Number of protein chains: 2
Amino acid sequence: MQRYDEAFLLEILNKAALFSGLETAVLRAALQHAHTHHFPRQSYFFHQGEAAETFYILLEGRARLTQLTPEGHQVTIRYVGPGDAIGIIVALSNTTYPISTEAITDCTTLAWHANTITKLMEQYPRLAINALKLVAGRFIQLQKQYQELATERVEQRVARALLRLIRQTGKRTESGIIIDMPLSRQDLAEMTGTTLYTVSRILSQWEQQGIIEAGRQQVIIHHPHSLVKIADDLPR
Amino acid sequence: MQRYDEAFLLEILNKAALFSGLETAVLRAALQHAHTHHFPRQSYFFHQGEAAETFYILLEGRARLTQLTPEGHQVTIRYVGPGDAIGIIVALSNTTYPISTEAITDCTTLAWHANTITKLMEQYPRLAINALKLVAGRFIQLQKQYQELATERVEQRVARALLRLIRQTGKRTESGIIIDMPLSRQDLAEMTGTTLYTVSRILSQWEQQGIIEAGRQQVIIHHPHSLVKIADDLPR
DNA sequence: TGGCCAATTTGCGCTGGCGCAAAGACGGCC
DNA sequence: GGCCGTCTTTGCGCCAGCGCAAATTGGCCA
């Protein structure tokens with residue numbers, strides 16, 4: 001694990017939505033209670049059901065938040081990247097994590113004890129308000145996905161999932177926009193509430209139409225605009 | 001519209017999760033900026049897309065939060081009752097309402113301008129933290145429903161919806177537990193991401209088995225335990 | 001370079017749930 | 001008491017998507 005100097009960490013915190021608008025002195029105080037932690041690829045930050053004692057801010061890497069049903073079905077809630085907060089929702093509730101978080105690339109984090117964050121919020125209302133705004137934004141997003149899951153066909157939802165991933169981790173190259181992380185058919189299925197078979201069939205069809213290029217755990221998008229049309233169920 | 005005296009309103013606020021733990025002086029200050037507003041049955045507090053300028057606490061009645069898709073499908077996010085807060089999520093974001101709120105019985109509310117609530121939160125961190133806890137709880141609930149929608153059969157989801165309604169508005173009578181509000185097949189369909197036809201078929205079947213009694217816009221549950229088993233996909 | 005394993009593809013049959021249409025039931029109102 | 005509108009039921013045909021199974025591909029490691 002690489003060491004980070006305070007200046008670097010302060011800059012990261014400053015850009016993180018949770019700490020926006022707070023004076024440097026406050027950030028510095030927050031950093032005093034934080035420690036960095038590294039998670040290798042495919043390790044877990046925490047598992048669903050464990051006591052929610054730690055709050056993270058992701059510095060580097062990508063992670064996946066998933067929920068496992070009693071029947072063994074896995075559902076992906078969202079992917080997170082640098083600057084994202086993990087665990088605010090449970091930081092002040094003293095319960096267990098409702099989801100698991102898995103590092104899908106090597107990850108570096110800043111970690112706080114949940115109590116520390118609660119105290120900081122009591123001390124700095126701004127921090128609590130930022131957290132509220134953050135959770136509110138995610139809530140609205142989840143609400144939208146809920147509605148899509150309830151009313152749209154699988155093909156539309158897969159298109160939306162890819163468009164979301166483009167926004168989050170899309171990397172423009174000469175051969176198209178590449179989703180810059182390992183992404184299997186199963187992963188896409190868990191994002192959209194369907195099966196890997198159906199995802200495979202849909203991607204094959206799109207590949208024949210030249211919209212995308214699908215490889216092993218990788219997707220390259222040639223015509224994002226076509227995906228927008230598919231997502232909105234418009235004729236092509 | 002009936003008038004309410006301060007003592008009564010203070011008592012309500014005191015019981016509302018949002019204001020828990022705040023001193024009476026603060027509640028009194030909050031009340032000074034509030035006004036009561038009445039919504040007759042089937043009228044709307046606000047519509048999806050309108051500027052989110054008002055924040056409500058429901059004093060009496062029941063309301064339904066719904067989202068309408070571009071294709072005209074309606075999705076119900078949740079039902080609310082006395083003491084519930086409506087619009088916290090957008091109170092401090094200065095955007096538009098992502099949902100509509102409809103009074104399904106006559107409703108009385110306390111209403112604040114969104115700015116007022118924001119200012120109160122800046123002044124009293126406790127209020128912001130309460131709000132965060134509230135939204136966090138709803139988030140976890142929505143996440144659970146999202147997972148259910150993604151992985152369970154319609155029958156299970158309808159059973160869960162009924163069980164949720166029992167918890168919220170169930171009234172024990174000698175003929176069974178009655179859901180104490182008008183509730184059509186269409187309403188249940190919008191709660192579970194299905195169609196009124198499928199809901200009707202499922203309820204008919206349950207009625208034949210003696211689990212429930214389904215009337216016009218009304219459901220009486222005789223054996224809630226059977227619904228639990230159905231929800232969890234256990235043999236009966 | 002060859003072998004192994006995980007990921008992916010695709011055929012096939014099946015079914016849960018959709019959605020139209022028409023009939024029936026209920027409740028409110030004049 | 002009768003009428004009307006809304007809600008509900010149910011038959012019927014259909015299809016999107018599931019899920020097994022088997023073949024294929026591709027990457028990685030020794």
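So that the names make sense, note that chain A is the first sequence line, chain B the second, and so on, each numbered from 1. Quick caveat: nothing in here was measured; it's all calculated off a predicted structure.
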Starting from P on C:dC18, measure out to CD on B:Glu71 and report it in whole angstrom. 16 Å
Contact class for A:Arg201 vs. all strands (heavy atom < 4.0 Å): base, sugar-phosphate, or nothing? base
Write down the distance between CZ (B:Arg153) and P (C:dT15), rounded to a whole number of angstrom. 14 Å
Pick the nucleotide of DNA chain D nearest each of A:Thr195 and A:Arg216; which residue has the one closer to the 5' end? A:Thr195
Which of these nucleotides, C:dT9, C:dT8, D:dC20, is closest to any side-chain atom of A:Ser200? C:dT9
Go through D:dC7, C:dC20, D:dG19 for me and flag the one nearest to the B:Ser184 side chain. D:dC7
Any B:Ser204 side-chain N or O less than 4.0 Å from OP1/OP2 of D:dT8: no
Between B:Gln217 and B:Ser184, do the side chains contain a donor N or O and an acceptor N or O under 3.5 Å apart? no
Given 3.5 Å as the limit, does a donor-acceptor pair link the side chain of B:Glu102 with the main chain of B:Ala63, or not? no
Of A:His73 and B:Glu207, the one whose closest DNA chain D nucleotide lies more 5': B:Glu207
Counting only side-chain nitrogens and oxygens, does A:Arg185 get under 4.0 Å of the OP1 or OP2 atom of C:dT8? yes
Side-chain N or O of B:Thr198 versus OP1/OP2 of C:dG17: is the shortest distance under 4.0 Å? no
Round to the nearest Å and state the distance from B:Gln205 atom CD to D:dT10 atom C1'. 14 Å
Would you say the side-chain atoms of A:His113 and A:Glu53 include a donor-acceptor pair closer than 3.5 Å? no
Name the closest nucleotide to the A:Tyr197 side chain, picking from D:dT8, C:dT9, C:dG17. C:dT9
Look at the rings of A:Phe55 and A:Trp112 and say which category their plane angle falls in: under 30° parallel, 30 to 60° tilted, over 60° perpendicular. tilted
